[in-house]
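Notes for the one structure printed next.
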2 protein chains.
Amino acid sequence: MARAATTADVFNAIAEPRRRELIGVLADGKEYAVGEVVVRLRMSQPAVSKHLGVLRKVGVVSVIKRGQHRMYRLNAAELKPVHDWVKMFERYWTHQLRQIKERAERKALERIISSDSGTKSGNREE
Amino acid sequence: MARAATTADVFNAIAEPRRRELIGVLADGKEYAVGEVVVRLRMSQPAVSKHLGVLRKVGVVSVIKRGQHRMYRLNAAELKPVHDWVKMFERYWTHQLRQIKERAERKALERIISSDSGTKSGNREE
DNA sequence: TTGACATATTCCTATATGGGAATATATTTA
DNA sequence: TAAATATATTCCCATATAGGAATATGTCAA
């Protein structure tokens, strides 16, 4: 099997740096025409259109026609799955002092345990 | 140019669902041998090794040899860039009531504006 | 209608993938 | 030393890219 499509889910869609930049432009919640994004990011127009297309397929942006322009708007709620997933690890870098303390305690505990029964690399249950 | 390598950065590395599952196993902070992961996720051993290899290249996991085992441990701090980036959009889905109210206000404002000067799709500065 | 403008789509190509199968490389044990 | 065990690596291939260039499509204005 090949790599999953960029349009497979939000995680794949935002893996591309240019697309994150794109989202960054739309981050103020206002709507932008393709041409505006082209100017701001100094990308080619087809590139912008394609990237916006990917983001639209996963729902991260939405479009409405207005005259000859297509106005793109961020649909930030679609980024929530990413936030939810990575939030699980928040505690690893917040509260640095508490974290350092806990790590020290854990190491001390490991020392005590390993001076106990040996190295058999036991079956960590199951 | 082709798509960026999965080892290019954390965003690309975690785009693959199996790798997020892998990280999920290591999420308790303990160290795991490859074989343990193979059993827990019911993936083939080469697949696990390869995925762990990707995660190691971007620094999300670290390895130490212990006997004939390679013990993998999560290096959660490397996920912080993802957290930092997506945190910018937190406000869009928290405080739902406030959010709904703001959206209503915005729409009302837009109605007022559009009944004003027309559709010229003005140059949003710059 | 014709032309100017805004955007999307198609065609191209080098590149990397993920998975399965087979195999190589340790390391422990008998 | 040889077998067993744990893990990594290689080879294979179908698939999808991202970007540039060219072009198609759609919309407004004269």
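Numbers restart at 1 for each chain; the letters A, B, ... are given by sequence-line order, proteins then strands.
Judged purely by distance below 3.5 Å, without hydrogens or angles, the side chains of H51(B) and R19(B) pair a donor atom with an acceptor atom.
Relative to the side chain of M1(B), the nucleotides dT15(C), dG19(D), dT27(D) differ in distance, and dG19(D) lies closest. Taking only side-chain atoms of H51(B), from C-beta outward, the nucleotide of dT17(D), dG18(C), dT17(C) with the closest atom is dG18(C).
Proximity of F89(B) to L74(A): side-chain heavy atoms (C-beta onward) are separated by under 4.5 Å at one or more points. Put simply, the side chain of V34(A) does not reach to within 4.5 Å of the side chain of H69(A), judged on heavy atoms.
Across the protein-nucleic acid pair, L41(A) atom CG and dA18(D) atom P stand 16 Å apart, rounded to whole Å. Put simply, CD on E31(A) is 12 Å from P on dT7(C), counting in whole angstrom units. Separating the CD1 atom of I64(B) from the P atom of dT27(C) is a distance of 14 Å, rounded to the nearest angstrom. Between D9(B) atom CG and dA16(C) atom P there is a gap of 15 Å when expressed in whole angstrom units. For the pair L55(B) CG and dT17(C) P, the computed distance is 13 Å after rounding to whole Å.
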When the side chains of residues 53-62 of chain A are checked against the rest of the protein, which donor-acceptor pairs come out under 3.5 Å, sequence neighbours left out?
none

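Counting only distance, with no hydrogens or angles, the side chain of D9(B) and the backbone of N12(B) share a donor-acceptor pair below 3.5 Å.
Contact check on E90(B) versus K80(A) returns no salt bridge, with no Lys/Arg side-chain nitrogen under 4.0 Å from an Asp/Glu carboxylate oxygen. In summary, E31(A) and R66(A) engage in a salt bridge, as defined by a charged side-chain N under 4.0 Å from a carboxylate O.
Of the side-chain N and O atoms in S44(B), none sit less than 4.0 angstrom from OP1 or OP2 of dG19(C).
The aromatic rings of W85(B) and F11(B) lie perpendicular to each other, with more than 60° between the two planes, well past the 30° mark.
Heavy atoms only, all atoms of each residue included: V25(B) and D28(B) are closest at O-OD1, 3.8 Å.
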Heavy-atom protein contacts under 4.0 Å, nucleotides 1-9 of chain D, coded B base, S sugar-phosphate only, - none: ----BSBBB
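Near DNA chain C, defined here as any heavy-atom distance below 4.0 Å, there are no residues from residues 14-27 of chain A.
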